[in-house]
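The next block holds one structure in the form of structure tokens; read it before the comments.
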There are 2 protein chains.
Amino acid sequence: MSEAPLPAIRSLPSWLLGRAAARGRTLVAEALAEEDMRMWHHVVLSAVRDLGPVAQADLGRGIGLDPKDLVGILDDLQSADLVVREPDPKDRRKNAVSLTARGARLLKRCEKAARAANDELLAPLSAAEREQFTDMLRRISGTAG
Amino acid sequence: MSEAPLPAIRSLPSWLLGRAAARGRTLVAEALAEEDMRMWHHVVLSAVRDLGPVAQADLGRGIGLDPKDLVGILDDLQSADLVVREPDPKDRRKNAVSLTARGARLLKRCEKAARAANDELLAPLSAAEREQFTDMLRRISGTAG
DNA sequence: ATGAATTCGTCGGTAAGTCCAACGATCACC
DNA sequence: GGTGATCGTTGGACTTACCGACGAATTCAT
């Protein structure tokens, strides 16, 4: 209860950003856990749907995930019959990763859960503020748009 | 350069928040590295100054750091003559942690570096927007104020 | 005052996440 | 056709966060 001020640290945007991100990560992780999914699994699933049949390297670059770690995620998803790796006939080095029907179905549930978690995260903000906030975040995050 | 759209994931605030926080952490870490400091070392140093002579448990609670991890950080800081642990005469379980003159001096340089990194992080935002942004962050981050 | 419960600093280990180096296989280029 | 680059994959190093347990010391209840 007796929260000391700590003005210096708490006024640093990078500090607040880290705390807010941690809270968001926890909320989303908890929501996804009810579908037996982890954050990266959801992200990969979503990216696979958006990018259609896609090579793993492109996939990893698109979401900023190390190729090695992507292998493990895809192994999990493929074992659960959520995605398929097929050899790309045009380039036999590549795997064409696509969503299965099961994957598409689960993805929708994950998105619903993630949206609910985000609503809870942004609860202290009005609708207009949320739009502003995400817009600013988009500019700051360095994700080239 | 060939940035695919990925609309679903990139519109999630929790995702953008994570990316922005990662960028902020990297920028701050790089800036602090020039003073041979890590993020938590800077945070602890700042909190020690703000909280005066403080017990380790209170210190850890104030910044949300595990007591065990705090031990290591304080060991480093004390070895570098930046803080001192003195036995609290009123409660011999506690260590009264205080800043040394060296610590105060280094902290100022760290704060300057951290502020510069934050300016770079928030460069895409106008001054008014930065104020708005940090205010929203403060509400979202869940740090009781 | 004496015993029980709590808090303190410290040590231990686990689990997850991030990053880099290297390899065989395949492709692109000139 | 030989060289360099890219692909998926494997291995390991490093960091971070988190939880439980312990002796020492304090507080509280009786």
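Proteins come first, then strands; the chains are lettered A, B, ... in the order of their sequence lines, and each starts at number 1. Atoms considered below: every heavy atom in the structure, side chains included; atoms not considered: hydrogens, waters and symmetry mates. Note that this is a predicted model, so its numbers are computed, not measured.
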From the candidates C/dC27, D/dT26, D/dT9, the one with an atom nearest any side-chain atom of B/Asp91 is D/dT26
Hey, is CZ on A/Arg23 packed in by over 12 heavy atoms from elsewhere, all under 6.0 Å?
yes
Per atom distances to the A/Asp69 side chain, the nearest of C/dC11, C/dT18, D/dC18 is C/dT18
Whole-Å distance, A/Ile73 CD1 to D/dT9 C1', equals 15 Å
**Study point:** Phosphate OP1/OP2 of C/dA16: any A/Trp40 side-chain N/O under 4.0 Å
**Key:** no
When rounded to whole Å, the CG to P distance for the pair B/Leu59 and C/dT7 reads 18 Å
B/Asp88 atom CG is separated from D/dT27 atom P, nearest whole Å, by 10 Å
To the nearest angstrom, the CE-P distance between B/Met39 and D/dT16 comes to 7 Å
Comparing nearest nucleotides in DNA chain D, the 5'-proximal residue of the pair A/Thr26, A/Ala55 is A/Ala55
Atom CD of B/Gln78 and atom P of C/dG9 are separated, to the nearest Å, by 13 Å
Next on the checklist: Are there over 12 heavy-atom neighbours, none belonging to B/Glu86, within less than 6.0 Å of that residue's CD?
Outcome noted: yes
With the side chain defined as heavy atoms from C-beta on, B/Lys68 is closest, among D/dG8, C/dC20, D/dC19, to D/dC19
Practice task
Classify the nucleic acid contact of A/Arg25 as base, sugar-phosphate or nothing, counting any heavy atom under 4.0 Å across all strands shown.
Solution key: nothing
Distance test, side-chain N/O of A/Arg93 to OP1/OP2 of D/dT9, below 4.0 Å | no
- Look at B/Arg61 and C/dG9 and indicate whether a side-chain polar atom (N or O) is within less than 4.0 Å of OP1 or OP2. no
Under 3.5 Å, side chain of A/Thr100 to main-chain N/O of A/Asp81, donor-acceptor pair present?
yes
Per atom distances to the B/Ala57 side chain, the nearest of C/dT10, C/dT18, C/dC8 is C/dC8
In whole angstroms, the gap separating P of C/dC19 from CG of A/Leu65 amounts to 9 Å
Rounded to whole Å, the NZ-P distance (B/Lys94 to D/dT27) equals 8 Å
task = Tell me whether the OP1 or OP2 atom of C/dA25 has a side-chain N or O from A/Arg92 closer than 4.0 Å.
result = no
note: B/Ile63, atom CD1; D/dT16, atom C1'; distance rounded to Å ~ 14 Å
Review point. Counting only side-chain N and O atoms of B/Gln56, is one of them less than 4.0 Å from OP1 or OP2 of C/dT10?
Key: yes
What one should report as the nearest heavy-atom pair of B/Arg19 and A/Ser141 is CB-CB, 4.0 Å
Categorize B/Asp66 for me: base, sugar-phosphate, or nothing, with a 4.0 angstrom heavy-atom threshold over every strand shown. base
*With a 4.0 Å cut-off, would you call B/Arg115 and B/Asp119 a salt bridge?*
no
